[in-house]
Every structure is written in C-alpha cells, then in structure tokens.
Student: 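Take a look at the following structure, please.
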2 protein chains.
Amino acid sequence: MPTSTASQRRAVAKAEYDAFLVACPSRQLLERISDKWVALVLAALGGDGPRPGAASGDEPRPMRFSELSRRISGVSQKMLTQTLRSLERDGMVTRTVTPTVPVTVTYELTGLGRSLQGVMRGIKEWAEGHMEEVLTHRDDYDHRQSDAAD
Amino acid sequence: MPTSTASQRRAVAKAEYDAFLVACPSRQLLERISDKWVALVLAALGGDGPRPGAASGDEPRPMRFSELSRRISGVSQKMLTQTLRSLERDGMVTRTVTPTVPVTVTYELTGLGRSLQGVMRGIKEWAEGHMEEVLTHRDDYDHRQSDAAD
DNA sequence: CAGGATCCAGTAGGATACTG
DNA sequence: CAGTATCCTACTGGATCCTG
C-alpha cells in the first residue's frame, strides 16, 4: 500500500494552514472574507449571473465606484471604499484610474478574485434560495419558545 | 420564441429575494451566515473532510459543546452558544439533550445545514488554500505604498 | 458539562463635511 | 466622481461569575 496518495499529499499541503487554529493566518483571512460586503462586491463585479458562458446573467466586467455603490444598496461609501481597498491589497480586484475630468476609477476582478467569487457567489445564492425555509424554521423555533414559557 | 424558459422561470423565482437590496430579508440572512464562527461551526459539524464518501476526512457527526469548543480554537463560549442558537433557530442544526448527569448536549447538522455547509466549506478551504498567494499580494501592495511615499 | 447573565472594552460602521 | 478625514454610536464579542 502506498504511503502517500495524491489526495493525501494534497491534504498535507492544505494542512499547512488550518483555520480551526486561532493563530493560523488563514483564520484572519477567513474572518476578512466572511463579510457581507465582500460577498456583495464580489457578486457585483462577478456579474452575479449564472456560470460563465450563460446568456441571461450579466457578464463580469469592470465597474465604477458609483456603479458599485448603486448596485449594492445600503452600502456606505466608507464601507465600499474600505472593502475595495482590502480586496485590492489581497490581490482580488484591480483598481484602474483613468485621468479624465473628473477622474474615472474602475474595479475589476483578478483571477484570484474570480476564484473566490466562485465560492462566495454560493453564499449569496444560498441565502436568496433558502430564505423561505429559514423563515419557516424561525417561526417554528420562536413558537416553541413561547409555548415553553407557560 | 417561448416567452418563458425553465431557466428564466428559475431566475424569476430567485429574484423574489435579492441580497443586493438593503430591505430584502436575504440581505440579513447573508449577513448572518457571512460569519467566521458560522463557517467554523459548520465545518466542524460537517466533518470538514472531503466530499461525503471519501475515507480520509472525518465524517459528519454529532458533536458535543465542549468538543466543538476545543475544535474551534479561540472561540468563546458566548460566541459558540450564540452561533449554535442562531443556527438552531434557522434550522441548520439540531440540539439534542441527553439527561445524563451532568447533562450531555449534542449538535448535528440538518439537511438544510448540510446544504449550507457545502458552500461554506468552500470559503474556509479557499482561505487555507490561497493564503500564500494573498500574502504575496499584500507584500507587493504594502511595498508600492511605501515606495509611493517619497 | 453546558450554558445563562453581566459587565465592559474595542471596533464596526453610519453620518457628515471636505478635496483633487 | 471618487474618494479622505473626523466624529460618534451601537453592537460585537471577550472575560468573569453563577447555575442545573
């Protein structure tokens, strides 16, 4: 029996970083990306549409600051700027300044950003797709709570 | 031409809930689940292993409170309790009390929880798997910042 | 063991005002 | 337009103490 299969080696490589550990850098990274604004910005830049190739959804494309701001309703400019800076620093979006007047700034997903968006999209879609079910469970739970209080 | 294809109808059904809108309930749900503790609790209960059927990872199984607490290093009992309650209320985990002495409480993923875990696992693994790359980008970015300050 | 209840510091994040 | 800077509040979340 082989002492090391491909999947085992991959498992070991992954085990270098373990988000279960407080001290592991990946824990902080997990914390950073587990953020609704990150999910929404990536979804916006990623086109939020179906998988690449489909015709109905919007395509991934560079977006301007104001455009993002409008798409993600309720986001403050502070949070949008902060999120974009963080994503830029981590190599997930590029920021392009065109010296028109007034200046034009566009943001676009990098390869790394697209890979993250692939998984983050799932979160947003899960939330949208399971809203009813969650709501039902909440009603049940809250009922049981008040019933128990007699 | 058909006025409504299957994928179009599905798109409409999804559009009922749109997390891009502040007022949409799915926005709050997205906010709830975009949380590192949620990601880690689901990963722990889900076995964190490879896809179901694989042999190397741990299997999804009920876990006790203290066990979860140990697995997710750095979590306070407050946050763990709070996260578990929230997941229970939303129908993603079940809480089972066995009246031993002292009492034994186990948590287990529901079907809904497993479906969410399927997407949340991606986040944790992405963080672990792209840590190096992100770190490199950060160095570059921080360098450019100090270079620009001359 | 598995929490509930409190207290309290730190920070996330909104509102507002100003700038190139 | 695309931010930066500042102020300020509210909530997150840790620490601690207590209970069935």
Side-chain angles (χ1 to χ4, degrees), chain A residues 19 21-23 27-41 44-45 62-89 93-108 141 144-146 148-149, chain B residues 19 21-23 27-28 30-41 44-45 62-89 93-108 141 144-145 148-149:
Chain A
L21 308 173
V22 227
R27 170 71 74 91
Q28 273 77 280
L29 183 54
L30 176 62
E31 190 165 2
R32 274 211 150 309
I33 63 182
S34 301
D35 180 81
K36 70 173 165 185
W37 299 128
V38 169
L40 292 171
V41 166
L45 289 175
M63 289 178 79
R64 304 186 58 173
F65 185 89
S66 50
E67 198 180 357
L68 282 167
S69 183
R70 258 174 280 114
R71 184 79 222 261
I72 306 170
S73 88
V75 69
S76 64
Q77 81 289 54
K78 176 182 174 178
M79 290 317 295
L80 184 53
T81 301
Q82 196 168 295
T83 303
L84 287 168
R85 285 290 170 281
S86 160
L87 291 176
E88 185 194 359
R89 187 168 105 103
V93 304
T94 55
R95 176 174 181 268
T96 307
V97 182
T98 308
T100 51
V101 42
V103 71
T104 303
V105 180
T106 58
Y107 293 91
E108 188 171 13
Y141 184 90
R144 279 193 305 264
Q145 295 308 305
S146 45
Chain B
L21 308 174
V22 228
R27 169 70 76 92
Q28 273 78 280
L30 176 62
E31 190 165 3
R32 274 207 150 310
I33 62 183
S34 301
D35 179 80
K36 69 174 164 184
W37 300 128
V38 169
L40 291 171
V41 165
L45 289 175
M63 289 179 77
R64 304 185 57 174
F65 185 88
S66 51
E67 198 181 357
L68 281 167
S69 184
R70 259 175 280 112
R71 183 80 223 262
I72 305 169
S73 88
V75 69
S76 65
Q77 82 290 55
K78 177 181 173 178
M79 289 319 294
L80 185 52
T81 300
Q82 196 168 296
T83 303
L84 286 168
R85 285 291 168 284
S86 157
L87 291 176
E88 186 195 359
R89 187 167 104 103
V93 305
T94 56
R95 178 174 180 269
T96 307
V97 182
T98 308
T100 52
V101 43
V103 72
T104 303
V105 180
T106 59
Y107 293 91
E108 188 171 11
Y141 184 89
R144 280 195 302 264
Q145 295 308 306

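Letters go in sequence order (proteins before strands), and every chain restarts at 1.
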Student: With the sugar-phosphate defined as primed atoms, P, OP1 and OP2, and the base as all remaining atoms, what B/S/- string results for nucleotides 6-18 of chain D, 5' to 3', for protein heavy atoms under 4.0 Å?
Tutor: -------BB-B--

Student: Is there a side-chain contact between A/Arg95 and the phosphate of D/dA2, meaning an N or O under 4.0 Å from OP1 or OP2?
Tutor: no

Student: Without decimals, in angstroms, what is the distance between B/Gln145 CD and D/dT4 C1'?
Tutor: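 B/Gln145 atom CD is separated from D/dT4 atom C1' by 14 Å.
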
Student: Rounded to whole Å, please give me the gap between OH in B/Tyr107 and P in C/dA2.
Tutor: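 Atom-to-atom, B/Tyr107 to C/dA2, this comes out as 8 Å.
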
Student: Write down the atom of A/Arg64, the atom of A/Val103, and the distance for their closest heavy-atom approach.
Tutor: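 Where A/Arg64 meets A/Val103 most closely, the heavy atoms are NH2-O, 4.0 Å.
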
Student: What is the separation between atom CG on B/Leu84 and atom P on C/dC1, rounded to the nearest whole Å?
Tutor: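 Rounded to whole Å, this separation is 16 Å.
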
Student: Mind checking whether A/Leu40 and A/Leu68 have side chains closer than 4.5 Å, heavy atoms only?
Tutor: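 A side-chain contact is absent here, since even the closest heavy-atom pair is not under 4.5 Å.
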
Student: Nearest-Å distance, CZ (A/Phe65) to P (C/dT19)?
Tutor: 19 Å

Student: Which atom names give the shortest non-hydrogen contact between B/Ala44 and B/Met63, and what distance separates them?
Tutor: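 Between these two residues, the closest heavy atoms are O-SD, 3.4 Å.
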
Student: Report the distance from atom CG of A/Leu80 to atom P of D/dC1, rounded to the nearest whole Å.
Tutor: 14 Å

Student: Less than 4.0 angstrom between a side-chain N/O of B/Arg64 and OP1 or OP2 of C/dC1, yes or no?
Tutor: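 Result: no.
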
Student: Are any of the side-chain heavy atoms of A/Val93 and A/Arg95 separated by less than 4.5 Å?
Tutor: no

Student: Heavy atoms only: give me the nearest A/Glu67-A/Pro62 pair and the separation to one decimal.
Tutor: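 Nearest pair, atom of A/Glu67 first, then A/Pro62: OE1-O, 4.5 Å.
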
Student: Assess the residue pair A/Thr83 and A/Val75 against the criterion (side chain to side chain contact (heavy atoms under 4.5 Å, CB included)); give the C-alpha distance rounded to whole Å, side-chain angles, the decisive distance to 0.1 Å, and a yes or no.
Tutor: CA-CA 10 Å; A/Thr83 303; A/Val75 69; over 6 Å; no

Student: Closest heavy-atom contact between B/Asp35 and B/Trp37?
Tutor: OD2-N, 2.9 Å

Student: Considering residues, nucleotides and ligands other than B/Arg89, do more than 12 of their heavy atoms fall under 6.0 Å from its CZ?
Tutor: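 It does: B/Arg89 CZ has more than 12 such atoms within range.
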
Student: Do A/Phe65 and A/Leu84 come close enough that some side-chain heavy atom pair is under 4.5 Å?
Tutor: yes

Student: Within this structure, what is the CE-to-C1' distance between A/Met63 and D/dG3, rounded to whole angstrom?
Tutor: 17 Å

Student: State, yes or no, whether a side-chain contact exists between B/Arg27 and B/Leu21 at a heavy-atom distance under 4.5 Å.
Tutor: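 No, side chains not in contact.
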
Student: Measure the shortest side-chain to side-chain distance between A/Val41 and A/Ile72 over non-hydrogen atoms and say whether it is less than 4.5 angstrom.
Tutor: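 In contact.
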
Student: If you check the B/Thr81 side chain, which of C/dG4, D/dT4, C/dA2 turns out closest?
Tutor: C/dG4

Student: Return the angle between end axes of the helix from C/dC1-D/dG20 to C/dG20-D/dC1, with five pairs used per end and rounding to 10°.
Tutor: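 Between the first-five-pair axis and the last-five-pair axis there is 50°.
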
Student: Short of 4.0 Å, heavy atom to strand atom, which residues of residues 96-106 of chain B count as contacting DNA chain C?
Tutor: B/Pro102, B/Val103, B/Val105

